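Keep in mind that this is a model prediction, so the values were computed, not measured. These numbers come from the heavy atoms of this one structure, side chains and all, not from hydrogens, waters or symmetry mates. Within every chain, numbering begins at 1; the chains are lettered A, B, ... in the order of the sequence lines, protein sequences first and strands thereafter.
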2 protein chains.
Amino acid sequence: MAKMIDVAKLAGVSVATVSRVLMGKGKVREQTRQKVLEAIKQLNYKPNRLARNLRRLESQTVVVVIPDISNPFFTEIVLGIQEIANQHGYHVLLGNTNNDVKREIQFIEMVKEKVADGVILVTVRNPKERFLKLAQEFPIVFACEYIKGAELPMVTIDNVRSAQCVVNYLVNLGHRKIGYIGGPQQVIVSRDRLQGFIQGVIQNDIPFEPAYITEGDFGIQSGIEMATKLLQLPSPPTAIFAANDEMAIGAIKAIKNHGLSVPKDIAIVGFDNITMSTVVEPALTTISQPRRQIGQKAMELLLQLIHNPMLKREHIVLPYELVIRQSCGNPSVWSDS
Amino acid sequence: MAKMIDVAKLAGVSVATVSRVLMGKGKVREQTRQKVLEAIKQLNYKPNRLARNLRRLESQTVVVVIPDISNPFFTEIVLGIQEIANQHGYHVLLGNTNNDVKREIQFIEMVKEKVADGVILVTVRNPKERFLKLAQEFPIVFACEYIKGAELPMVTIDNVRSAQCVVNYLVNLGHRKIGYIGGPQQVIVSRDRLQGFIQGVIQNDIPFEPAYITEGDFGIQSGIEMATKLLQLPSPPTAIFAANDEMAIGAIKAIKNHGLSVPKDIAIVGFDNITMSTVVEPALTTISQPRRQIGQKAMELLLQLIHNPMLKREHIVLPYELVIRQSCGNPSVWSDS
DNA sequence: CTGTTAGCGCATTCAG
DNA sequence: CTGAATGCGCTAACAG
């Protein structure tokens, strides 16, 4: 593999000059520049990033930590991140934790090893204090999930209000008995959505019924199980709101298994708007997060943080949207005030 | 950030000794080792990989090039790759081409920049000659897609035989009028599957009907369009085989739109066995590729190639499986001889 | 068993 | 505008 010195020799200049034309800064006579460029092309030379990065003490790489690469929800975020990263000549290393709490930290430590310059966390399972300390040391941005009550760079939607919006929508459709299938309570968005659900119920003067609240694990199977549980209640709900689309899809399956119909007997609302929610029948009404945009914003924030560690930590809240399909019947436009 | 020399000073030894205990080779007295370990812990030291890699002229990173990160089919392969990579202390850089032919090459060139030590290609859009040359220069392994008639390391299933197997299955069920929705013909697996389909038709003494053969782009929408086309034929098929699950799902939608039923009126078979194929109704009968295993094998091959560039290039063919669900009716076990 | 030393390939002073 | 020299942090060859 050709090295810089080879280029220098061929062009009859010093390595410093080659470096200058490569970096595009420092004055170089146009004529010399051309000679160097010519030599580079002739040798098919590419600078060794390892060396360059060591010299500059940066790796031009960021790592994105997600809990599950095979979950389509996260891949769309990664796409947004990659878009911005590539625009700025950064590489994206994908960190898959498989929901392993330890690996979350391991990936962050890659910054210490200089494998990466910063981290975007799309999963937050470790205790708050830990992150507060780590965020002090390294450039870290949180996307989708976040830390409550902390001054850290985060990009999310308002999970509380969006869940509340769903309840309003359902009530507006005439529902008074609304079941809820929540996500694992360790996850902050699960807690937020549950809170939003409860607020919605209360604000609509619906009697609070604890039996209507169940907890799944974000998988299809748990949606089936929790919906079944709700269906077996003495007075089953007429609508079910699941904290993500997979569980909502599971709920639809369960309802069909019971010989009931969606939305005629029971309305269903999901959360996240994954592709699968357009395939299921009936197509799922759901909350859509601007995933691509979340990824982009998170990466932009990280870039700023890397180049200016003293940056003010801001929490960016992006707008969500209720996508109305067929799973609540009555397809129509609707806007929460 | 603490450096090796800091550790050395604190432990009262030389950097060489620190390096030795880090690398785990070269004799070090147990007592000295403990001192070093202690110092490392105390300083919370992590070796700078940039420096280590520059010194060893390797990056301990591989790049995986896929056409579309949001396609669940590919993410499962990536999972298999990551598994093996992590076991060997390698990082995985994900390269998303978005089907851009140029980016395919750009990612391979990262090896030249020493950003990566090798490449796994899960997409092959560039001309064969190009890859033959690149494969000479860099450690490259092909997964799922491949180059025909070349001695290169590849991991795939037998796409021809698997498609043929589907036809046999359908014929066995009594179908004689079988429609086909193929993938883009630039993609080798599309050509293989089409070939397998045609071979299956011929070997079963079914009159060859060109109008039954259509071409989509692997998306749901194109499945809808092509199925609609088949349905409008004077003598429409009684079974449709789509070259991937997305198109098969599209076909199911189209058939339902026409007021027909799957599988009663028309049987459907897909290819790939993505999660969505269990959600659609009726659940899709499809060919399952051992994606995880393909990823693992590809990574193992690449590792060998990196450490021994003179390695014999072998094409590994993994077994496929026909997963029988409800989209052809008549759920049953079946084995192609 | 341990220390000294020479680069890995490049960017960047500092002279000229 | 250009070249010589220095060192980023670490590993490995060599010497002791």
Side-chain angles (χ1 to χ4, degrees), chain A residues 1-40 43-61 89 109-117 307, chain B residues 1-40 43-61 89 109-117 307:
Chain A
M1 210 93 308
K3 308 187 291 189
M4 190 179 275
I5 190 154
D6 300 320
V7 176
K9 275 181 192 152
L10 185 59
V13 297
S14 76
V15 289
T17 303
V18 177
S19 181
R20 281 190 195 99
V21 334
L22 243 33
M23 295 281 93
K25 52 185 175 187
K27 296 286 167 215
V28 180
R29 191 152 47 113
E30 183 55 26
Q31 193 184 331
T32 325
R33 222 176 73 85
Q34 288 308 329
K35 267 194 304 187
V36 172
L37 255 24
E38 177 56 34
I40 287 176
L43 291 171
N44 193 11
Y45 167 78
K46 283 257 180 190
N48 179 324
R49 292 239 188 209
L50 245 35
R52 168 181 294 182
N53 291 340
L54 173 60
R55 179 60 231 252
R56 316 215 324 203
L57 294 181
E58 64 181 25
S59 60
Q60 299 262 92
T61 301
E109 299 236 308
M110 288 171 63
V111 177
K112 199 188 287 180
E113 302 178 31
K114 281 290 163 205
V115 172
D117 298 334
H307 296 122
Chain B
M1 209 93 308
K3 307 186 291 187
M4 189 178 274
I5 190 151
D6 300 320
V7 176
K9 275 182 190 150
L10 185 60
V13 297
S14 74
V15 287
T17 302
V18 177
S19 180
R20 281 191 196 95
V21 333
L22 243 33
M23 295 279 91
K25 52 185 174 185
K27 298 283 167 217
V28 180
R29 194 153 44 117
E30 183 54 28
Q31 192 184 331
T32 323
R33 220 175 74 85
Q34 288 307 330
K35 267 195 305 188
V36 172
L37 255 25
E38 178 56 35
I40 286 176
L43 291 172
N44 194 11
Y45 167 78
K46 282 258 182 193
N48 180 324
R49 291 236 190 212
L50 246 35
R52 168 182 293 181
N53 291 339
L54 174 60
R55 178 60 231 245
R56 318 223 321 207
L57 295 181
E58 63 179 27
S59 60
Q60 300 264 89
T61 301
E109 299 235 309
M110 290 171 62
V111 177
K112 198 188 287 181
E113 302 178 33
K114 280 288 161 209
V115 171
D117 298 335
H307 297 120

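The nearest heavy atom of DNA chain C to Asn48(A) and to Arg29(B) marks one nucleotide each, and the one closer to the 5' end goes with Arg29(B). The 5' end of DNA chain C is approached more closely, in terms of each residue's nearest nucleotide, by Val28(B) than by the other of Leu57(B) and Val28(B).
Exactly one residue among Glu30(B), Glu38(B), Gln31(B) makes a side-chain hydrogen bond (donor to acceptor under 3.5 Å, both in side chains) with Gln34(B). That residue is Glu30(B).
Look at CZ on Arg52(B): it is 18 Å from P on dG9(C), rounded to the nearest Å. At whole-Å resolution of the value, CZ in Arg33(B) and P in dT2(C) are 12 Å apart. Going from atom CE of Met23(B) over to atom C1' of dA13(D) covers 16 Å, rounded to whole Å. Computed from coordinates, the Arg56(B) CZ to dG9(D) P distance equals 19 Å when rounded to whole Å. Atom CD1 of Ile40(B) is separated from atom P of dC10(D) by 10 Å (rounded to the nearest Å). As a whole-Å value, the separation of Lys35(A) NZ from dC1(D) P is 14 Å. Protein atom CG of Leu54(A) is 8 Å distant from nucleotide atom C1' of dC10(D), rounded to whole Å. The separation between Leu22(A) atom CG and dG9(C) atom P is 15 Å, rounded to whole Å.
Looking at heavy-atom distances under 4.0 Å, Lys27(B) makes contact with a base. Residue Met4(A) is in sugar-phosphate contact alone, with no base atom involved, counting any heavy-atom pair closer than 4.0 Å across all strands shown. Counting non-hydrogen atoms under 4.0 angstrom, Arg20(A) reaches a base of the nucleic acid. Val13(A) comes within 4.0 angstrom of sugar-phosphate atoms only, judged by non-hydrogen atoms across all strands, and of no base. Among the atoms of the strands shown, only primed sugar atoms or phosphate atoms (P, OP1, OP2) are found under 4.0 Å from some heavy atom of Thr17(A).
For Asn53(B) and Ser59(B), the side-chain atoms include no donor-acceptor pair closer than 3.5 Å. Between the side chains of Asn48(A) and Lys112(B), no donor-acceptor pair of N or O atoms lies under 3.5 Å.
Considering only the side chain of Ala16(A), dG3(D) comes nearest among dC10(C), dG3(D), dT2(D). Closest contact between the side chain of Ala51(B) and the listed nucleotides dC10(D), dG9(C), dA4(D) involves dC10(D).
Interatomic distance, Arg49(B) CZ to Thr61(B) OG1, rounded to the nearest 0.5 Å: 8.5 Å.
For Tyr45(B) and dG9(D), the shortest distance from a side-chain N or O to OP1 or OP2 is not below 4.0 Å.
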TODO: Please lay out, stage by stage, how Leu22(A) and Tyr45(A) fare under the test side chain to side chain contact (heavy atoms under 4.5 Å, CB included).
DONE: CA-CA 11 Å; Leu22(A) 243 33; Tyr45(A) 167 78; 3.8 Å; yes

